[in-house]
There are 2 protein chains.
Amino acid sequence: MNDYSKIFTDFLLRKEMKFTNSRKIILDTVFSLHDHFDIETLYETIKTKHNNVSRATIYRAIPLLIEAGLLKKSLRSLSKDKYEHIFGHPSHLHLICDKCGKIIEEVDKDVENLLNKIAIKYDFKIKEVNVSLRGFCSDCVKVGSSNV
Amino acid sequence: MNDYSKIFTDFLLRKEMKFTNSRKIILDTVFSLHDHFDIETLYETIKTKHNNVSRATIYRAIPLLIEAGLLKKSLRSLSKDKYEHIFGHPSHLHLICDKCGKIIEEVDKDVENLLNKIAIKYDFKIKEVNVSLRGFCSDCVKVGSSNV
DNA sequence: TTTACTAATGAGAATCATTTGCAACAAGAA
DNA sequence: TTCTTGTTGCAAATGATTCTCATTAGTAAA
């Protein structure tokens with residue numbers, strides 16, 4: 001059993017929940033997707049592999065994966081929440097191009113440290129950090145961004 | 001005419017759009033709300049003052065206010081976008097309590113500078129910055145956050 | 001000021017992601 | 001096997017946001 005399966009089964013055990021086949025399929029598929037994905041993509045990917053898991057079950061599994069520390073709601077684009085799995089991924093911030101949709105990831109320990117300090121100042125327990133810069137990427141800014 | 005009305009009328013003029021009564025009411029109400037607000041709150045606030053502006057008109061005005069640089073979509077909580085007007089407000093980050101919904105604001109120039117540097121590194125033109133820490137505030141962390 | 005043109009509005013229907021209710025199901029305990 | 005309880009799939013419900021379209025209201029010209 002791989003690392004993330006172990007984390008998830010332990011988590012479920014603690015919650016007295018079952019590591020069902022549907023949950024296994026969802027977990028494996030989540031970790032097979034290496035980009036930010038939305039629920040519909042996850043659903044379609046599962047369906048393509050001849051598995052059958054309903055959307056409802058997926059929607060119900062997502063909060064579990066998040067609570068288990070395996071998944072993160074990373075950003076929202078085009079009215080959809082996008083997720084990404086966490087697997088030794090360092091936390092990172094996103095530069096999101098509003099024109100072409102490109103997403104650039106950047107790891108910056110300094111930002112991270114500063115944010116942690118702020119949390120400590122307020123006695124705030126961080127569960128999730130989201131940093132995103134929206135605007136135009138180098139390609140799109142050339143084209144002209146005056147009246148989007 | 002106050003500052004924000006001037007900015008908005010200039011903006012509308014440039015776009016060859018009209019400074020109608022509905023838009024005036026929306027603008028004034030947006031600037032009367034000094035917290036983060038969602039569309040429903042804005043709608044109810046307008047209705048309470050015996051004005052009548054439909055939800056559709058509000059939804060149509062919001063992107064204009066944003067484009068005019070007067071309003072910012074600042075965060076998303078409980079599946080609703082929350083907005084805040086910009087009126088000499090320095091940019092700031094949010095600490096959002098997932099338990100009680102409290103929102104703490106913090107201004108931090110160091111974070112801001114670091115993010116600007118990252119944008120420069122990628123030749124990225126920032127239109128909007130969003131930094132939010134989600135978790136539990138000092139009050140809620142005491143109560144126990146193990147199984148939310 | 002009246003006319004005429006067009007953008008803007010209001011009301012409700014439509015959309016679309018997400019959630020929920022419920023009957024059928026499955027896995028483990030007794 | 002039978003009982004218990006959590007899980008699932010389906011379809012209906014929800015809720016924020018967008019769209020349609022008939023009507024209204026600014027505004028420029030007459």
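Every chain is numbered from 1 and lettered A, B, ... according to where its sequence line falls, protein lines coming before strand lines. Please read these numbers as outputs of a predicted model, since none were measured by experiment.
Here C/dA8 presents its P atom at 16 Å from CD1 of B/Ile62, a figure rounded to the nearest Å. Here the P atom of nucleotide C/dG10 and the CD1 atom of B/Ile26 are 8 Å apart, to the nearest Å. Distance, B/Leu13 CG to D/dG26 P: 17 Å, rounded to whole Å. Across the protein-nucleic acid pair, B/Tyr43 atom OH and D/dA16 atom P stand 13 Å apart, rounded to whole Å. Remark: P of D/dG9 and CD1 of A/Ile58 are 9 Å apart, rounded to the nearest angstrom. To the nearest angstrom, C1' of D/dG9 lies 15 Å from CG of A/Asn21. What separates CG of A/Asn52 from P of C/dA24 is a distance of 19 Å, to the nearest Å.
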CA sep, side-chain torsions, deciding dist, call: B/Asp10, B/Lys6, salt bridge (Lys or Arg N to Asp or Glu O under 4.0 Å): CA-CA 6 Å; B/Asp10 286 354; B/Lys6 171 127 189 48; 2.9 Å; yes
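Using cut-offs of 30° and 60° for the angle between ring planes, the B/His94 and B/His92 rings count as perpendicular.
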N/O to N/O distances under 3.5 Å, protein versus nucleotides 15-18 of chain C:
residue : atom : partner : partner atom : Å
C/dT18  : OP2  : A/Tyr59 : OH           : 2.5
C/dT18  : O5'  : A/Tyr59 : OH           : 3.3

Every protein N/O within reach of nucleotides 4-7 of chain D N/O, cut-off under 3.5 Å:
residue : atom : partner : partner atom : Å
D/dT7   : OP1  : A/Lys18 : N            : 3.2
D/dT7   : OP1  : A/Arg23 : NH1          : 2.6
D/dT7   : OP1  : A/Arg23 : NH2          : 3.2

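Classification of B/Lys102 and B/Asp139 as a salt-bridged pair holds, one side-chain N sitting under 4.0 Å from a carboxylate O. Taking 4.0 Å as the cut-off between side-chain N and carboxylate O, B/Lys24 and B/Asp28 count as a salt-bridged pair.
Every residue was checked against the salt bridge (Lys or Arg N to Asp or Glu O under 4.0 Å) condition with B/Asp110, not counting sequence neighbours, and none meets it. With sequence neighbours left out, A/Lys80 forms a side-chain contact (heavy atoms from CB on, under 4.5 Å) with A/Asp38. Partners of A/Arg60 by salt bridge (Lys or Arg N to Asp or Glu O under 4.0 Å), not counting sequence neighbours: none found.
The 5' end of DNA chain C is approached more closely, in terms of each residue's nearest nucleotide, by B/Arg60 than by the other of A/Ala56 and B/Arg60.
By the 4.5 Å side-chain criterion applied to Ile, Leu, Val, Met, Phe, Trp and Tyr, A/Ile96 is assigned to a cluster that also includes A/Leu75, A/Ile103.
The closest donor-acceptor contact from the side chain of B/Arg55 to the backbone of B/Tyr43 lies at 3.5 Å or more, if one exists at all.
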